[in-house]
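In what follows, a single structure is set out as structure tokens and then discussed.
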Amino acid sequence: MHLIDQLKAKAKAKLQTIVLPESYDERMLFAAEKVTAQGFAKIVILGNPAKVKEAAAAKGVNLAGVEILEPAASPKLDEYVAKLVEFRKAKGLTPEDAKKLLTGQDNLYYAGMMVKTGDAGGEVAGATSTTGNVIRAAIQTVGTQKGLKTVSSFFIMITKEPKFGENGILFYADCGVNPNPDSQALAEIAIATARNCKAFLDVDARVAMLSFSTKGSAAHPDVDKVTKAMAIAKQMDPQLLIDGELQGDAALIPSVGAKKSPGSPVAGKANVMIFPDLDAGNICYKITERIGGAEAFGPILQGLARPVNDLSRGCSVEDIVSVVAITAVQAQ
């Protein structure tokens, strides 16, 4: 069974409500129909009910079973205003400005407050909104995970080579958010990705902190950043299986790992690959996808207190459906 089908089955076992704020994009309507028909999440669409129903009818979309909610007319609006003001009081947010955010055209802040309060288990957006806007609204409503300050992303890479990772599945991070994370941020990215590996695959993460050097084969400040990050991650989670700094081949190939990092619990069998910067991560996931023929699912956001996920603006309906399944499992 394909991983996404496994995640849909897992999502059905403990049904979550996922909010889709971008009702003005027809792909969201088609995705809402598909998710509801497949029965692995409850869907709430934000927007004017009459306009949403009119758009759905024009496209032949059946929204039976989908809740349509207009933020400006919501009985929860005043409650959300008060909670957002309280959450952002250090920034001096006024009730008037909070209400403007919550009733804004992109619906991102209202969706975020639904997730923060537990009225929705998670949110999927980004079909029309930029990554920056999605993340900004999520940080200002949902906030970051306890013990973490870094919001990052990961890709689930499903390769055609079962000898790599976990039967061919690898987690790559960070490939979409942080251009040049420092050691603390890199450690937090490793911790968050390891947790997601466990959540999605039900296996212990084996985390490789990647570099152009393996175990001191090169001396450079960029290498020092990675080794320091590994030490911080170990301190944060002493039970974590992690090793570094490792080159890509030492992380993936048992014979190379045994030679370059003998006795390592990770070298040669990593299922989580932590890249030292966004250049390396973004380039590698695209090469793995295009040349290696892997399927890439993401970027999936992590480090937030509750799940909010960002789509590519070029996403397909099936992409949205898959990310809803991923978000529903995160919400469990």
Side-chain angles (χ1 to χ4, degrees), residues 1-7 10 148 152-176 181 186-211 214-215 226-227 229-230 232-234 236-276 280-289 291-303 322 325-326 329-330 332:
M1 185 186 291
H2 192 280
L3 177 63
I4 295 300
D5 293 325
Q6 292 177 33
L7 294 178
K10 192 170 184 176
L148 301 179
S152 61
S153 70
F154 67 94
F155 274 82
I156 301 175
M157 307 298 298
I158 303 178
T159 77
K160 297 177 180 179
E161 295 287 347
K163 64 184 178 182
F164 293 132
E166 204 64 41
N167 294 317
I169 299 174
L170 291 155
F171 282 59
Y172 281 11
D174 178 4
C175 305
L186 208 53
E188 293 185 11
I189 291 166
I191 295 289
T193 312
R195 289 173 181 170
N196 277 305
C197 177
K198 178 69 172 179
F200 285 110
L201 301 185
D202 292 320
V203 298
D204 289 331
R206 300 181 297 276
V207 182
M209 304 297 286
L210 299 175
S211 175
T214 297
K215 298 296 181 180
V226 174
T227 55
M230 189 187 70
I232 295 169
K234 278 186 171 181
M236 292 175 69
D237 184 357
Q239 303 304 313
L240 183 65
L241 298 178
I242 187 170
D243 197 12
E245 82 284 12
L246 295 174
Q247 290 163 286
D249 56 354
L252 292 172
I253 301 171
S255 60
V256 179
K259 184 178 180 180
K260 292 188 173 184
S261 186
S264 168
V266 171
K269 45 186 178 287
N271 54 16
V272 173
M273 309 282 274
I274 305 299
F275 296 92
N282 195 272
I283 291 166
C284 191
Y285 106 75
K286 290 181 184 293
I287 289 175
T288 306
E289 181 183 26
I291 296 178
E295 294 179 82
F297 292 95
I300 303 161
L301 296 181
Q302 58 184 4
S322 295
I326 289 166
V329 171
Q330 283 182 303
Q332 292 176 342

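Starting from 1, each residue takes its place in the sequence as its number.
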Are side-chain heavy atoms of Cys197 and Asn271 found at a separation under 4.5 Å? yes

Do you know which two heavy atoms are closest between Ile274 and Ala190, and how far apart they sit? CD1-CA, 3.8 Å

Ala250 versus Lys260, closest heavy-atom pair with distance: CB-CD, 4.0 Å

Distance col, row Tyr285:OH vs Asp174:CG, nearest 0.5 angstrom, shows 11.5 Å

Less than 4.5 Å apart, side chain to side chain, heavy atoms only: is that true for Val272 and Val266? no

Strictly by modelled atom types, are Glu188 and Ser152 linked by a side-chain donor-acceptor pair under 3.5 Å? no

Does Met157 offer a backbone N or O that forms a donor-acceptor pair with the side chain of Glu289 under 3.5 Å? no

Any chance you could lay out the side chain to side chain contact (heavy atoms under 4.5 Å, CB included) test for Gln6 and Phe200, step after step, and finish with the verdict? CA-CA 9 Å; Gln6 292 177 33; Phe200 285 110; over 6 Å; no

Sub-3.5 Å donor-acceptor pair from the side chain of Thr288 to the main-chain atoms of Cys284, do we have one? yes

Please tell me whether Tyr172 and Phe275 form a close aromatic pair, meaning their ring centres lie under 6.0 Å apart. yes

At what distance, to the nearest 0.5 angstrom, does CG of Leu170 lie from CG of Leu201? 10.0 Å

Should Leu148 and Met236 count as side-chain neighbours, where that means a heavy-atom distance under 4.5 Å? yes

Could you give the distance from OG (Ser322) to CG (Leu7), rounded to the nearest 0.5 Å? 9.0 Å

Sidechain N-carboxylate O distance under 4.0 Å for Asp243, Lys215: yes

Is any side-chain heavy atom of Leu3 less than 4.5 Å from a side-chain heavy atom of Ile169? yes

Sub-4.5 Å side-chain heavy-atom contact between Met273 and Val207: no

Val329 and Ala199 have their tightest heavy-atom pair at CG1-O, 4.3 Å

Heavy-atom pair with the smallest gap, counting every atom of Ile4 and His2: N-ND1, 3.0 Å

Between CD1 on residue Ile300 and CZ on residue Phe155, distance to nearest 0.5 Å: 8.0 Å

No-hydrogen, no-angle side-chain donor-acceptor test under 3.5 Å, Thr214 and Gln247: yes

If you take all heavy atoms of Ile189 and Ala173, which pair is closest and at what distance? CG2-CB, 3.8 Å

Donor-acceptor pair, Asn196 side chain versus Ala192 backbone, under 3.5 Å? yes

Any side-chain heavy atom of Lys234 sitting closer than 4.5 Å to one from Leu240? no

Closer than 4.0 angstrom, basic N to acidic O: yes or no for Arg195 and Asp237? no

Say whether, by atom type as modelled, one donor and one acceptor occur between the side chain of Thr227 and the main chain of Glu245 under 3.5 angstrom. no

Evaluate the side-chain proximity of Phe154 to Cys175: yes if any heavy-atom separation is below 4.5 Å, no if none is. no

Atom pair CG/CD1 of Leu186 and Ile191 - distance to nearest 0.5 Å: 11.0 Å

Full working for salt bridge (Lys or Arg N to Asp or Glu O under 4.0 Å) between Asp5 and Lys10: CA-CA 9 Å; Asp5 293 325; Lys10 192 170 184 176; over 6 Å; no

Nearest heavy-atom contact between Pro276 and Val226 is CB-CG2, 4.0 Å

Going by heavy atoms in the side chains, are Arg206 and Lys269 under 4.5 Å from each other? yes

